[in-house]
Amino acid sequence: MSNHVNICTEKRKGVIAPELHSQFIEFLGSCIYDGIWVGEDSKIPNYRGIRKDVVDALKLVEPPVIRWPGGCFADTYHWRNGIGDRASRPVTYNENFDTYEIDDNQFGTHEFMDFCNMLGAKPWFGINVLSGSVQEMRDWIEYCNRSEETDLSRLRKENGAEAPFGVEYWGIGNEPWFGGGMMTAQLYAQEFRKYSAAMPLCDFRNAKKGQGLKKIACGPDGNKPKERVQWTKDFFAEIGRYRQPQVDAYDLHFYNWNVLKDDDSDVDFDENAWKRVIKSSLELEDVILEQYALIQEGIRNFPESEGFDEPEEYKCDLIVGEWGNWHGSASRTRPALYQQCTMRDAITTALTLDIFHRNCDIVKMACMAQTVNVLNSLILTSGEHTILTPNYDVFLMYKVHRDAEKIEIDTKSLDEDIYLFASGKDQEIYVNIINADCKNAKTVELSFDKEAEAVNVQTLKSSCMTDYNSVEEPDKIRKTHGKIPVKTDGKYVFCADAASVNVLTFSVKDR
């Protein structure tokens, strides 16, 4: 049997951070309005204006971090428009990615924090660098985090939040190489210096120093092979000149573009298109390894510091702030970038999460784009209806890997359509088996270095590769309990159905 894998339960390296399963929402299309915010007076059931079905569904996913308000929208967003009495908030116009809608600013800082708190998620705020100012950023951080009595902390209390929000993650601008200002890496690095240096020292964990605030820099456009390399080289070269500001994390964006074939839509495609999209999703792993190496190289090239104060080791985490499938048909839809999700999207979502899992020692956070109604979403809404996409089930199935240790396995013997990943937590081993062949079932043989018992199987599959969940058939693709594999001659043989994502749980003894 070619698809045979030995799993050495003790061969573990790196803990899978829950933050790798984070989400991204933006004022784009109907992601926020209709998708998340319906208003307190809506006939659609809601919690204080936030769509109830969406909250209830995401509570099960438990997203560790949610990034907001963008995206490109962040660099046109002025946070004061979204606080205070909703009836008095200014009405603006949203041109973000062809949204072209009136924005009455009903969903702002307090509403977003309410959303995060209901889900138990940490917020990641995006700072307006393009059309905002350093002072606007300072005021927003103080409004959110200041515990001392100031005009801004009192204003937060007047608006209903007695305690500071304690926002830890702050992204300084968004995609400055395009919508965030068409900047060079050097110019953006200079802007980063200003904004990071000006962050107020207010942090709910350390009021004196504010060292808990994470300053996130914009990384490159991961879809441009030459530009992304040069951008990262130029950024760290500029940051390295003279005294270096702390860059806590570097935010890479990468989309699995499927935009060149007009006859290939999100729900209408052939076997060749299936294979093309799945194969192209795998490129992200090479981009991650490349960018991590460039970050380390840039830090090593920092000049030696002078003076009596020995600096701490400089560290900068790599994160992926936006990722997911982007089909060309989404660019022609209204609302903007509304996209259905088929089993093809579920497969690539699982493959991408496993890329993060395998590289958990170098990638510390990743946010899928986007949670509701945009691109590679978990949830779609249509009027009063809420639809959970197959991607939603993948995230549910993969929750077992959070805080588990990656298990290194040799996958060289697998055929090109079978992908495996394994992790361990205490006495349990979790094995992902993805069959990317859209026509044929595949058999996989697993052997363990210790006595192991198969205790659970979860499977996500569909009879047709173009199937998706809709208002008419909301549960066409749902995860199910699969058949427990039988142990024969000390090995487990599992049959992975065509176009399926499978998570097998084993209990091992005497670890």
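The residues of the chain are indexed from 1 along the displayed sequence. The basis for the numbers below is simple: all heavy atoms, side chains too, and nothing from hydrogens, waters or symmetry mates.
For Asn256 against Val277, the heavy-atom pair with the smallest separation is ND2-O, 3.0 Å. The two residues Ala57 and Leu388 make their nearest non-hydrogen contact at CB-CD2, 3.7 Å. The shortest non-hydrogen separation linking Cys144 to Trp170 is SG-CH2, 4.2 Å. Closest approach of Gln339 to Ser377, counting heavy atoms only: O-OG, 4.3 Å. Minimum interatomic distance between Val61 and Lys399 (heavy atoms only, all atoms of both residues): O-CD, 3.7 Å. The shortest non-hydrogen separation linking Asn145 to Gly166 is OD1-N, 3.3 Å.
Remark: of the listed residues Leu396, Asp393, Ile347, Asp393 is the sole one forming a side chain to side chain contact (heavy atoms under 4.5 Å, CB included) with Leu460.
Judged by distance alone, with hydrogens and angles left aside, the side-chain atoms of Arg228 form a donor-acceptor pair with the main-chain N or O of Gly222 at under 3.5 Å. Counting only distance, with no hydrogens or angles, the side chain of Trp274 and the backbone of Ala436 share a donor-acceptor pair below 3.5 Å. A donor-acceptor pair under 3.5 Å is formed between the side chain of Asn502 and the backbone N or O of Ile433. Using modelled atom types, no side-chain atom of Asp475 and backbone atom of Arg478 make a donor-acceptor pair closer than 3.5 Å. In this structure, Glu227 contributes its side chain and Asp221 its backbone to no donor-acceptor pair below 3.5 Å. Side-chain atoms of Ser196 come within 3.5 Å of backbone N or O of Arg193 as a donor-acceptor pair. A distance-only check finds a donor-acceptor pair linking the side chain of Gln244 to the backbone of Gly240 [under 3.5 Å]. At least one donor-acceptor pair under 3.5 Å links the side chain of Asn435 to the backbone N or O of Ala496. In this structure, Asn174 contributes its side chain and Gly71 its backbone to a donor-acceptor pair below 3.5 Å. Between the side chain of Asp266 and the backbone N or O of Gln340, at least one donor-acceptor pair lies under 3.5 Å.
Between Asn3 and Leu420, the closest side-chain pair of non-hydrogen atoms is not below 4.5 Å. Side-chain atoms of Leu504 and Val457, non-hydrogen and from C-beta on, do get closer than 4.5 Å to each other. Within the 4.5 Å cutoff, the side chain of Val431 has no heavy atoms near those of the Phe494 side chain. Between Ile409 and Thr411, the closest side-chain pair of non-hydrogen atoms falls below 4.5 Å. Annotation: side chain of Leu378 is in contact with side chain of Gln23 (closest heavy-atom distance under 4.5 Å). With contacts defined as side-chain heavy-atom distances shorter than 4.5 Å, the pair Trp177/Tyr188 does not qualify. Put simply, the side chain of Thr371 does not reach to within 4.5 Å of the side chain of Cys31, judged on heavy atoms. Considering only heavy atoms from C-beta on, Phe73 stays 4.5 Å or farther from Ile32 through its side chain.
His4 and Ser413 form no side-chain donor-acceptor contact under 3.5 Å, judged by distance and modelled atom types alone. For the residue pair Ser280 and Asn258, no side-chain donor N or O sits within less than 3.5 Å of a side-chain acceptor on the partner. In this model, a donor atom of one side chain and an acceptor atom of the other lie less than 3.5 Å apart for Thr381 and Asn373. No side-chain N or O of Asn469 forms a donor-acceptor pair with one of Thr389 less than 3.5 Å apart. Judged by distance alone, the side chains of Tyr419 and Asn432 never bring a donor and an acceptor atom under 3.5 Å apart. Between the side chains of Asn391 and Asp345, no donor-acceptor pair of N or O atoms lies under 3.5 Å.
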Worksheet entry | Derivation and outcome, ring pair (Phe, Tyr, Trp, His ring centres under 6.0 Å), residues Tyr255 and Trp323 | CA-CA 5 Å; Tyr255 285 96; Trp323 66 268; 9.3 Å; no
Discussion item. Let's go through Leu119 and Val55 carefully: what are the C-alpha distance in whole Å and the side-chain angles of both, what is the deciding distance for side chain to side chain contact (heavy atoms under 4.5 Å, CB included) to 0.1 Å, and is it a yes or a no?
Written reply: CA-CA 7 Å; Leu119 301 178; Val55 171; 4.2 Å; yes
Discussion item. Checking Phe269 against His327 for the ring pair (Phe, Tyr, Trp, His ring centres under 6.0 Å) test, could you report, in this order, the C-alpha distance in whole Å, the side-chain angles of both residues, the deciding distance, and whether it holds?
Written reply: CA-CA 11 Å; Phe269 51 87; His327 301 299; 7.5 Å; no
Worksheet item: Asp251 and Arg67: side chain to side chain contact (heavy atoms under 4.5 Å, CB included), yes or no, with the steps?
Response: CA-CA 12 Å; Asp251 177 17; Arg67 179 174 178 250; 3.8 Å; yes
Discussion item. Checking Tyr398 against Asp354 for the side chain to side chain donor-acceptor pair (under 3.5 Å) test, could you report, in this order, the C-alpha distance in whole Å, the side-chain angles of both residues, the deciding distance, and whether it holds?
Written reply: CA-CA 9 Å; Tyr398 273 28; Asp354 279 345; 3.1 Å; yes
Worksheet entry | Audit row: Asp234, Gln186, side chain to side chain contact (heavy atoms under 4.5 Å, CB included) steps and yes/no | CA-CA 6 Å; Asp234 289 348; Gln186 292 89 340; 3.6 Å; yes
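With rounding to the nearest 0.5 Å, the separation of CZ in Phe165 from CG in Asp114 is 9.5 Å. Between atom CD of residue Gln291 and atom CD1 of residue Ile319 there is a gap of 12.5 Å, rounded to the nearest 0.5 Å. Annotation: the span from Trp124 atom CH2 to Phe112 atom CZ amounts to 11.0 Å, rounded to 0.5 Å. From Phe506, atom CZ reaches atom CD of Glu453 across 10.5 Å, with rounding to the nearest 0.5 Å. The structure places CE of Met368 at 14.0 Å from CG of Leu20, a figure rounded to the nearest 0.5 Å. Rounding to the nearest 0.5 angstrom, the gap separating the CG atom in Asp268 from the OG atom in Ser329 is 9.5 Å.
Other residues, nucleotides and ligands contribute over 12 non-hydrogen atoms within 6.0 Å of the NZ atom of Lys406. A 6.0 Å sphere centred on NZ of Lys275 holds no more than 12 heavy atoms belonging to other residues, nucleotides or ligands. The number of heavy-atom neighbours closer than 6.0 Å to NZ of Lys59, taken from other residues, nucleotides and ligands shown, is above 12. More than 12 heavy atoms of other shown residues, nucleotides or ligands fall within 6.0 angstrom of atom CZ in Phe395. Annotation for Lys364: atom NZ counts as buried by contact number, over 12 foreign heavy atoms lying within 6.0 Å. The number of heavy atoms from other shown groups lying within 6.0 Å of NZ (Lys279) does not exceed 12.
Annotation: cation-pi geometry not satisfied between Lys224 and Phe178 (NZ/CZ under 6.0 angstrom from ring centroid, within 45° of ring axis).
Remark: Glu238 engages Arg241 in a salt bridge, criterion side-chain N to carboxylate O under 4.0 Å. Between Glu19 and Lys122 no salt bridge is recorded (no basic side-chain N to carboxylate O distance below 4.0 Å). Between Lys487 and Glu451, at least one side-chain N (NZ, or NE/NH1/NH2) sits under 4.0 Å from a carboxylate O, which counts as a salt bridge.
Below 30°, between 30° and 60°, or above 60°: for Phe235 and Phe192 the angle between ring planes is above 60°, a perpendicular geometry. Note: Phe421 and His357 have tilted aromatic rings, judged against thresholds of 30 and 60 degrees for the angle between ring planes.
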